[in-house]
Structure formats: C-alpha cells, structure tokens
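This is a predicted model, so every value here is computed, not measured.
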Amino acid sequence: VTGRRDEPLAVEALGLGVVSYVIEDQGKINLALIPSILRSMLERAGQMRKRIEIERTLRETEARLNEAQRIAGFGSWDRDLQTNEIWWSDEVYRIFGVTRKLRRLSLEDFLSFIHPVVRERFAKIRKRAIEEGGEFDVTLRILQQTGSERVGRFNGVVTRDSSGEPRRLSGTVQDLT
C-alpha cells in the first residue's frame, strides 16, 4: 500500500492486515524499499500457507481420532483441577447419552451420570488418586438422562505440576454395555 503522508490511512491499513506501507515523498516512492517489502510479504504468505496446512492436518487427525473412538466405544476426558472445567470427547457424550453442550461441563454434571449406587465409591477413588497420586481403573454403572443404564470402565491419571500439586485428571471411559 502506498500513500502521500497520510498517517491515519497508514494506521487504518495496518490495522486491517496490511504488512507494509510506503509513503510517497513529493510524488516519489523510494524504490529501494520494494525488495524488503516483497520479501516480507512472501514470508507472511509462506507462514499463512503453513498455518493453513497445520490446521487442515489437525482437523484430519481429530476426525480420525473421533472415528477410532466411536468404533472402539472408547472416549477420552480431561478435568482441570484448578477450574474444575471438564472436557469430553464426542464418544464420551455418546456413551453418556447426551448431546454436546455449548457450555463447559462441571464436575456436578459429570457426577450426575454416575449411578447413585456407586457415586460415593467413585468419589473416594477419585479423591484418593488426586491426593495420593497415581492412577485408577474402575468399572461403574452409568445412568443416562433417558434413564437407560450402561456399564463403563473408567481409567484416570493425575498430572502434577513442578511443585507436586495436582493440576489435571485425565482418562478414558470404555462402554462395556
């Protein structure tokens, strides 16, 4: 983009994504700047091309993982122990019989799907894993919103930060029904 000492236009153009701006001086453009501007533009185009390719590869990888989990009846989940935010893979939603929600799931949401008869047992297992470290592997009854019951095998592991504090609880659930 070129201009005649119009600084507001230059600022606006840069805000819209223009990577270089050459100001004319008395109707003349400093041609010596053109090669560096072109190199900068080509570098940015190359970076954008790489980003697009990385994003495409990521989408393909995610689709393959979702398909593999669907076929195996295996889902993955993760809980941030600081915020209590929970993430579920598509297959965990299917196993629990719910549609993906726009909001983040809470621990209470998750526990509501564990059958009341085994909920306390699971709470103790989960608490012990967080406090003492290590992993857990437990088979539990799942109660879907429709009232249907399923059986799931839950595996989990606690991840600790460099000071030894528990930060994440991650794992899998397999539909054994």
Side-chain angles (χ1 to χ4, degrees), residues 16-17 19 41-177:
L16 294 172
V19 294
M41 291 171 61
L42 289 171
E43 181 179 311
R44 185 168 172 126
Q47 290 170 349
M48 288 172 55
R49 202 172 21 256
K50 284 179 186 176
R51 181 179 176 158
I52 289 167
E53 179 62 24
I54 289 168
E55 288 173 353
R56 184 189 63 76
T57 301
L58 182 59
R59 282 190 304 276
E60 289 175 356
T61 301
E62 184 178 20
R64 286 183 188 118
L65 176 61
N66 285 335
E67 182 67 4
Q69 287 189 357
R70 185 191 64 76
I71 292 168
F74 237 103
S76 52
W77 52 269
D78 182 74
R79 176 178 160 218
D80 182 315
L81 296 173
Q82 304 309 303
T83 65
N84 275 328
E85 288 182 343
I86 296 176
W87 171 87
W88 285 356
S89 69
D90 290 345
E91 187 61 13
V92 174
Y93 281 95
R94 190 197 66 72
I95 292 168
F96 282 70
V98 294
T99 57
R100 185 176 287 276
K101 296 181 180 183
L102 296 178
R103 66 177 175 81
R104 292 242 183 219
L105 293 167
S106 67
L107 179 59
E108 290 74 27
D109 292 329
F110 171 73
L111 292 175
S112 72
F113 296 106
I114 303 301
H115 197 285
V117 172
V118 293
R119 198 174 291 155
E120 187 176 325
R121 176 175 156 241
F122 181 62
K124 289 178 183 176
I125 291 169
R126 191 184 74 245
K127 183 179 178 186
R128 186 172 50 243
I130 293 169
E131 290 174 356
E132 298 173 12
E135 302 179 8
F136 63 84
D137 180 350
V138 61
T139 300
L140 300 170
R141 290 165 48 195
I142 298 168
L143 185 60
Q144 296 182 327
Q145 287 179 333
T146 61
S148 298
E149 287 190 27
R150 302 189 85 75
V151 177
R153 180 177 180 191
F154 292 79
N155 291 290
V157 62
V158 175
T159 304
R160 297 181 179 282
D161 64 16
S162 58
S163 66
E165 291 298 312
R167 293 293 177 217
R168 305 197 82 73
L169 181 60
S170 306
T172 60
V173 58
Q174 182 180 20
D175 187 353
L176 300 177
T177 308

State the [atom1]-[atom2] distance between [X] and [Y], to the nearest 0.5 angstrom.
| X | Y | atom1 | atom2 | value |
| --- | --- | --- | --- | --- |
| E91 | S76 | CD | OG | 9.5 Å |
| I54 | I52 | CD1 | CD1 | 10.5 Å |
| R121 | H115 | CZ | NE2 | 13.0 Å |
| R119 | F113 | CZ | CZ | 10.0 Å |
| Q82 | E165 | CD | CD | 8.0 Å |

Check whether any side-chain heavy atom of [X] sits under 4.5 Å from a side-chain heavy atom of [Y], and report yes or no.
| X | Y | answer |
| --- | --- | --- |
| K50 | E53 | no |
| E108 | L111 | no |
| L169 | R79 | yes |
| Q174 | N155 | no |
| F154 | I114 | yes |
| F96 | Q145 | no |
| L107 | R126 | yes |
| S89 | F74 | no |

Salt bridge or not between E67 and R70? Use side-chain N to carboxylate O under 4.0 Å.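 Judged by the 4.0 Å cut-off on N to carboxylate O distance, E67 and R70 do form a salt bridge.
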Looking at [X] and [Y], what are the two nearest heavy atoms and their distance?
| X | Y | answer |
| --- | --- | --- |
| D161 | S163 | OD1-OG, 2.8 Å |
| R160 | P166 | NH1-CD, 3.1 Å |
| I142 | I95 | CD1-CG2, 3.8 Å |
| Q144 | R94 | NE2-O, 3.9 Å |

Could you walk me through whether Q69 and D90 pass side-chain contact (heavy atoms from CB on, under 4.5 Å), step by step? CA-CA 8 Å; Q69 287 189 357; D90 290 345; over 6 Å; no
Please say whether more than 12 non-hydrogen atoms of neighbouring residues, nucleotides or ligands are located less than 6.0 Å from [atom1] in [X].
| X | atom1 | value |
| --- | --- | --- |
| R49 | CZ | no |
| E120 | CD | no |
| E62 | CD | no |
| R153 | CZ | no |

[X] side chain to [Y] backbone, donor-acceptor under 3.5 Å:
| X | Y | value |
| --- | --- | --- |
| W77 | T172 | yes |
| R167 | T159 | no |
| T177 | V151 | yes |

Residue pair D80, R168: steps toward the salt bridge (charged side-chain N to carboxylate O under 4.0 Å, His left out) verdict: CA-CA 5 Å; D80 182 315; R168 305 197 82 73; 3.6 Å; yes
Apply side-chain contact (heavy atoms from CB on, under 4.5 Å) to the pair W88 and D109, showing each step before the final yes or no. CA-CA 12 Å; W88 285 356; D109 292 329; over 6 Å; no
